[in-house]
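Chain letters run A, B, ... following the sequence lines, proteins first, then strands; residues in each count from 1.
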Amino acid sequence: MESAKSVMEPVAWILQMLTGLIMVVLVTVHFYVTHMISHDALEYSAVVERVSSPVFQGMYALLLLVVSFHAFNGLRAIVLDTNAGMRSRGTINVLTTLMFLVAFFYGLYLLISI
Amino acid sequence: MAEFRVRRFDGKKSYWQTFNVPAKKGMTVLEGLYYIKENLDSSLAFRASCRMGICGSCAMRINGKPRLACETQILFLGDRITVEPLDNFTVIKDLVTDFEGFFAKHKAIKPYLIREDVKYDEPRELLQTPKELNEYYIFTLCIKCGACYSVCPAAATLDGYLGPAAMTAAYRFCADSRDKGKKERYEIVSSSNGVWRCHLAMECSEVCPKNVEPAKAVQLLRRRTAFSILKSLLGW
């Protein structure tokens, strides 16, 4: 029986909960701004103007961070639930971390370059 | 008459066999199986011992749900009974499943009080208040029948997963005020095969014949484990 002193699993679990909670708040703000304030909020010019403001850029960067982490950590947990996934635990951890970082930094690049 | 449809396994192939059992009021599924063994087919294999819901030996899938055969009355279910071995266990013969791995996992979580100041040759009383007892009492009622493990989706996909019964036992001892081995157990249950693999399907609590609530124990253990490790990381 494996005896792991690894802190990865508990830290990942706590962060999964925290990112879930942050997502609820940020997605609510996002929906409020895009669907409830103005009928034109989803027009291209309005989106570009909104995303250009530092406040929204910061909020969307944070949303991107928590969504990317939540998604790929969730994927990691699902794959580790299988015998095959658990056998390649190290590879799965590295791969999903890389996928999270790529998704976050690519999204951040797109957000900043708007 | 009740019709017993039993899923049998002869070591090579699995097949269904039907038996007619004269069912009387109050007669249990286990008594029905004994009737079959004594009167209709002596080759039928099943495991049973106490006949009073204490030993947990006769857990099997009855009408699609894990139950204790000795506590399930035939006429309560109707006149058609389907009996199968527990899921998530390797079937040895007919309704007898291999519990070796299940008990190995139970043993792995050190299901006993860990203390350095107690010696077997010098026993001493360890006092506990009723409030301290109530912290874990419900979890001491587990009879290790394997019903929870048989419905656990995490145990179905991952062979090494500790499972609800073992983690309930781990929580039972971690919540015991007399125990000093919490850190040891936290390390075991916080392994990749431990508490993190639970999806909170809660079927374990749903089917437990003793209402032990293994799902609650796993969640409490998960919280304790996570915060214990976080505290040690932060140096608190």
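- More than 12 heavy atoms of other residues, nucleotides or ligands lie within 6.0 Å of OH in Tyr15(B), so this atom counts as buried by the packing criterion.
- The shortest distance between side-chain heavy atoms of Pro10(A) and Trp196(B) falls below 4.5 Å.
- Leu80(A) and Arg197(B) get closest at one heavy-atom pair: O-CD, 3.7 Å.
- The environment of Glu132(B) atom CD is dense: over 12 non-hydrogen atoms of other residues, nucleotides or ligands sit within 6.0 angstrom.
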Leu158(B) and Thr82(A): CA distance, side-chain angles, deciding distance, side-chain contact (heavy atoms from CB on, under 4.5 Å) verdict
CA-CA 5 Å; Leu158(B) 184 61; Thr82(A) 61; over 6 Å; no

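- No more than 12 heavy-atom neighbours from other residues, nucleotides or ligands sit within 6.0 angstrom of OH on Tyr106(A).
- The environment of Lys216(B) atom NZ is sparse: at most 12 non-hydrogen atoms of other residues, nucleotides or ligands sit within 6.0 angstrom.
- We find the OG-CH2 distance between Ser190(B) and Trp13(A) to be 12.0 Å, quoted to the nearest 0.5 Å.
- Residues Ser192(B) and Glu9(A) are in side-chain contact: their nearest non-hydrogen atoms beyond the backbone lie under 4.5 Å apart.
- Between Thr157(B) and Asn83(A) the shortest side-chain heavy-atom distance does not fall below 4.5 Å.
- Within a 6.0 Å radius of CZ in Arg178(B), more than 12 heavy atoms belonging to other residues, nucleotides or ligands are found.
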